[in-house]
Amino acid sequence: MARWRPLPVEVRPEVRRLVERLRLLKDRTGLSLAALARKTASSASSWQRYLSGAAFPPWEAVAALGELAGLDEPARVRLRVLWESAAEAWAREGGEPGTPGTPPLAGPVSAAGPVSTAVLTPGGPAGPAGHAERAGHARRAGRAGWAGWAGTGALRWTVAVLVLLLLATVPGSEGKPAGRPAWPWPVPPEMTGEYPARAAPRCTGARCQGRDPVRTGCAKDGQALGRYDTRQHRVEVFHSAACRAVWGQVTPADGVEGLSLSTRGSGQLWADAGTERTRMAAVGAEVGANVQVCAVLEGHQSCVDSGDRAWTD
């Protein structure tokens, strides 16, 4: 089975989790994109865009893939919740309007302002006089729409600035400003990605030890050295040649009781329950089979190493 290309780092976390889940379900079916298109209402090119994060899938397509993968009712409910969370994130980023189940976006805005949505009824005056009256109505509607849009935008920016100022001044439990949040650190909702796609990584080698692969940019060239598909999850070992570091990942994070990364010379790193990836461990030029990732699922450890050997205890 061909390995999936890593998603761009600018993909929002909610959408990333959905796409990774869809990739896992697609692999479980064993179908090619062409075969998947024949069994669903979406074309092969549409599925390629859905599974690469370039387009947002409608719920009908997601539900069809879940049915082909043999999901039971609780798993379908979890998939629906995952899809709705991603749909809201996609809509906040100005995703394509008309995607089934996602909120419609505002009307298009031209260089001269928003396009008027006023409807001209056929019962109005005809001829030049009627044309002038309709044109006057359109101009007034356009000015009103522009004023409303500008006022709403200014209000949103003002509220956002006030919220940031309040958060910056909220004291901690000892009366001091609140410090760094617990791992994993939340991604600010206004960010479109954790790290610019074309920027160089923020660390290499030992400087990457204990840091997050996405926020440092190391996930840009991450390659899966080992992969283990269980019934509901995928456990993977990732390596970044640019950062000379490795990390573990499990998708989806739901139901994960713990996640660990073990490397020769760097010990073991643990991630809390419900966390989808570990922090990084520095490695040398030759990785070999010296890296192991284990996920605790339903009281058992499912492990894979960088030599692509997998097992469950």
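For the atom pair OG of Ser85 and CG of Leu18, the computed distance is 9.0 Å after rounding to the nearest 0.5 Å. To the nearest 0.5 Å, atom OG of residue Ser46 and atom CG of residue Leu36 are 10.5 Å apart. Note: Gln292 CD to Gln301 CD = 8.0 Å, rounded to the nearest 0.5 Å. In this structure, Leu259 CG and Leu269 CG are separated by 10.0 Å, a value rounded to the nearest 0.5 Å. Atom-to-atom distance recorded for Cys294:SG and Gln268:CD is 8.0 Å, nearest 0.5 angstrom. Here the OG-CH2 distance, from Ser32 to Trp47, works out to 12.5 Å after rounding to the nearest 0.5 Å.
Heavy atoms from other residues, nucleotides or ligands lying under 6.0 Å from CD of Glu257 number more than 12. Applying the 6.0 Å contact sphere to CZ of Arg23 captures more than 12 heavy atoms from other residues, nucleotides or ligands.
Cluster membership for Phe238 and Val304, using ILVMFWY side-chain heavy atoms within less than 4.5 angstrom, is not shared. Under the 4.5 Å side-chain heavy-atom criterion for grouping Ile, Leu, Val, Met, Phe, Trp and Tyr, Val296 is not connected to Trp247 through any hydrophobic cluster.
Results of the salt bridge (Lys or Arg N to Asp or Glu O under 4.0 Å) test with Asp212 over Arg279, Arg277, Arg202 single out Arg277 as the only residue that passes.
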Checklist entry - Does the pair Ser43 and Ser45 meet the rule for a side-chain hydrogen bond (donor to acceptor under 3.5 Å, both in side chains), with working shown? => result CA-CA 5 Å; Ser43 65; Ser45 59; 3.1 Å; yes

Next on the checklist: What verdict does the side chain to side chain contact (heavy atoms under 4.5 Å, CB included) test give for Val291 and Leu261, after you've listed the backbone C-alpha separation in whole Å, the side-chain angles of each residue and the deciding distance to 0.1 Å?
Outcome noted: CA-CA 7 Å; Val291 183; Leu261 170 72; 3.5 Å; yes

Next on the checklist: Could you walk me through whether Arg92 and Glu14 satisfy the salt bridge (Lys or Arg N to Asp or Glu O under 4.0 Å) test, starting with their C-alpha distance in whole Å, then the side-chain angles of each, then the deciding distance to 0.1 Å, before giving a yes or no?
Outcome noted: CA-CA 12 Å; Arg92 287 198 302 269; Glu14 299 91 338; 3.6 Å; yes

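Without hydrogens or angle criteria, Asp229 side chain to Arg28 main chain gives no donor-acceptor distance under 3.5 Å. A donor-acceptor pair is defined here as one N or O able to donate and one able to accept, closer than 3.5 Å; such a pair exists between the side chain of Thr29 and the backbone of Lys26.
Listed here is the closest heavy atom pair of Ser306 and Asn290: OG-N, 3.3 Å. The two atoms that bring Leu51 and Leu7 nearest to each other are O-CD2, 4.3 Å, heavy atoms only. Val62 approaches Trp83 most closely through the heavy-atom pair CG2-CD1, 3.6 Å. Scanning both residues, Ala37 and Ala44, for their nearest heavy atoms gives CB-N, 3.3 Å. Between Cys203 and Cys218 the shortest heavy-atom distance is SG-SG, 3.8 Å. The two residues His233 and Asp254 come nearest to each other via the heavy atoms NE2-O, 2.7 Å.
Two residues are said to be in side-chain contact when any heavy atoms from C-beta on lie closer than 4.5 Å; Cys303 and Asp313 fail this criterion. Looking at Thr275 and Val256, their side chains never come closer than 4.5 Å, going by heavy atoms from C-beta outward. Contact annotation: the side chain of Val11 never approaches that of Val19 to less than 4.5 Å [non-hydrogen atoms, C-beta and beyond]. Proximity of Leu22 to Leu65: side-chain heavy atoms (C-beta onward) are separated by under 4.5 Å at one or more points. Counting only heavy atoms from C-beta outward, the side chains of Tyr228 and Val293 never approach each other to under 4.5 Å. Asp308 places none of its side-chain heavy atoms less than 4.5 Å from the side chain of Leu225. Side chains of Pro252 and Leu24 form a contact here, defined as non-hydrogen atoms less than 4.5 Å apart. In this structure, the side chains of Leu71 and Leu25 come closer than 4.5 Å at one or more pairs of heavy atoms.
Every residue two or more places apart in sequence or in another chain that forms a salt bridge (charged side-chain N to carboxylate O under 4.0 Å, His left out) with Glu236 is listed here: Arg227. Listed by chain and residue number, Cys208, Cys243, Met280 satisfy the side chain to side chain contact (heavy atoms under 4.5 Å, CB included) test with Ala245 (two or more places apart in sequence, or in another chain).
A salt bridge is defined here as a Lys NZ or Arg NE, NH1 or NH2 lying under 4.0 Å from an Asp or Glu carboxylate O, and Glu73 with Arg76 meets this definition.
Figure legend: Arg12 and Trp90 shown without cation-pi pairing, the cationic atom not lying both under 6.0 angstrom from the six-membered ring centre and within 45 degrees of its axis.
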